[in-house]
Protein chains: 2
Amino acid sequence: MSDMPEGESEIGEGAAAPSPKMDSDRIYRRIFDAIVDHKLLPGTHLKEDELCDHFGVGRTRIRTALSRLASNHVIELVANRGAFVARPSVEEAREVFRARRVIEGHLVRRAADRRDDAMSRALNDHLHGERAARAAGDAAMVIRRCGRYHQVLADQAESPIMASFVRELIARSSLIIAIYESEKPDTCEMDEHRLLSDLVLGGHGDEAAALMDRHLTGIENRLELKPRRETASDLQQILG
Amino acid sequence: MSDMPEGESEIGEGAAAPSPKMDSDRIYRRIFDAIVDHKLLPGTHLKEDELCDHFGVGRTRIRTALSRLASNHVIELVANRGAFVARPSVEEAREVFRARRVIEGHLVRRAADRRDDAMSRALNDHLHGERAARAAGDAAMVIRRCGRYHQVLADQAESPIMASFVRELIARSSLIIAIYESEKPDTCEMDEHRLLSDLVLGGHGDEAAALMDRHLTGIENRLELKPRRETASDLQQILG
DNA sequence: CACACAAATATTGTATACGATATTGTGGAC
DNA sequence: GTCCACAATATCGTATACAATATTTGTGTG
């Protein structure tokens, strides 16, 4: 994901496919991003035929992509029913944040130990983008940038396996927020990201880890973690 | 994996399939277990047609199973070349153990906080099995039991997401051991498992976490983590 | 009017045929 | 004798046709 073109959103309409026939990897990312960006809401039924029409490919590629999405727990595959955007339960939500506190807490401490100029640039660049998104009032962009900040930070620890775990957990968090968000202000405070970066770049690993823990707990606490009913949406309209 | 029949090893020979045609889930587990148990060695080429013949199903089911195995990093899918049992690099090996220290360290501490009779039974039952395997001199069984102990312990923390991460990491560790094991005594000391259980069941979370850290570091240090060449093996003979 | 049951429809599950790509083997030129 | 080009083979990638299953709709009866 770190080497994604990103940004563009031209999708082949109906039968006319985007010039180079999409491979399953691109399809995977398109759907993944649509879910993380809250364009596809939890519970949405991802019908294979519809996706075939949209991307202009056979069902095989779609199935490959769906299979990967399911292994990342972003969608749920129900036997003989099909694929649905995952609807994490309340318990699952708490579990996700628990895991994030453990892993991201560790990674942020490790990142502080290996701070260098490249890291400084990476973090500051991202904070810039995040501020710009907020200034522009682009809600979808803010959501994406917020999650991406945690990803960028996780990558700085140079522990690719744990970073990939974090990647999955961030995606699941996005689903959780879509379901359980309350009316409270922001889900991911800009100031905390700024402070977190400063602590990491200043080499204060323990403080950074502690702040990350509080930060994630704060996000979790701002949610309304009580059972909800499903939210579906029109797939055609969102991807087309 | 925790609800597996386990133990039996009748596999349909050639064309004659085992009475109920295997579903992709069973195929997945068969291959997964064969790899974790060192019956399939790193680098082995898993050809789709061969697997079709062995399990008596079409390529679709095989591909579904292989896809899942790949997402767990147990096999590697090379475009237009096929599936190979993964051969973790030295860096990857160190990463796996680093991640295990972080996650299992946390889980063991958490398990100590929630100790109860059921946990005591689960851990002791498993240690019994492990001792029996050692006494019987069944090397393959010892390997499996050793890994399973860590899995059972991880499950006690009732943090299913992190437990599933551990599950994947244990499988990858098994591959790492297959490649890099040295001539040193045991890879996973029985005494340490015993002591670890005692600390957890005694509610000594910090000591248990510290021991887990040392235990995993010990396993890592007993390996010869330097580049090796691949080890292949006859698929037909192992599965058939 | 509500409910049970059956037909019709929609959707996924599987196998297989065909095409694309990589690997291996062979022959000739230098 | 060695190297390179080219053909032959093996293997995977994809699409599609057909079967199995779940859902919905329609109908009749209490």
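Chain identifiers are assigned alphabetically (A, B, ...) following the order of the sequence lines, protein sequences preceding nucleic acid strands; residue numbering begins at 1 within each chain. Because the structure is predicted, anything quoted here is derived from the model rather than measured.
- Nearest-nucleotide assignment on DNA chain C puts the 5′-proximal partner with A:Ala83, out of A:Thr60 and A:Ala83.
- No side-chain N or O of A:Tyr28 forms a donor-acceptor pair with one of A:Asp33 less than 3.5 Å apart.
- Nearer the 5' end of DNA chain D, as judged by each residue's closest nucleotide, is the contact made by B:Asp49, out of A:Val57 and B:Asp49.
- For an aromatic pair to be called close, the ring centres must be under 6.0 Å apart, and B:His150 with B:His126 fails this.
- C:dG13 atom P lies 15 Å from atom CD1 of B:Ile27, rounded to whole Å.
- Residue A:Arg81 places no side-chain atom within donor-acceptor reach of the base of C:dG13, judged by atom type and a 3.5 Å distance cut-off alone.
- Nearer to the 5' terminus of DNA chain D, by closest-nucleotide assignment, is the contact made by A:Ser24 (compared with the other of A:Ser24 and A:Ala79).
- Salt bridge status for A:Glu181 with A:Arg222: absent, with no side-chain N to carboxylate O gap under 4.0 Å.
- For the pair B:Leu51 CG and C:dA15 C1', the interatomic distance rounds to 16 Å; values are reported in whole Å.
- Summarising the geometry, the separation between CG on B:Leu46 and P on D:dA10 is reported as 20 Å, rounded to the nearest angstrom.
- Taking atom NZ of B:Lys47 as the reference point, atom C1' of C:dT24 lies 12 Å away to the nearest angstrom.
- Using a 4.0 Å heavy-atom distance criterion, A:Arg59 is classed as a base contact.
- In this structure, the CD1 atom of B:Ile62 is 9 Å from the P atom of C:dA15, given to the nearest Å.
- D:dA20 atom P lies 17 Å from atom CG of B:Asp23, rounded to whole Å.
- B:Ser71 and A:Arg68 form no side-chain donor-acceptor contact under 3.5 Å, judged by distance and modelled atom types alone.
- Annotation: cation-pi pair A:Arg29/A:Phe55 absent, no NZ/CZ under 6.0 Å from the ring centroid and within 45° of its normal.
- Distance CZ (B:Arg61) to P (D:dA19): 16 Å, rounded to an integer number of Å.
- When each of C:dT12, D:dA15, D:dC12 is scored by its nearest atom to the side-chain atoms of A:Glu48, the top-ranked nucleotide is C:dT12.
- At the phosphate of C:dA22, neither OP1 nor OP2 sits under 4.0 Å from any side-chain N or O atom of B:His45.
- Computed from coordinates, the A:Glu76 CD to C:dT12 P distance equals 15 Å when rounded to whole Å.
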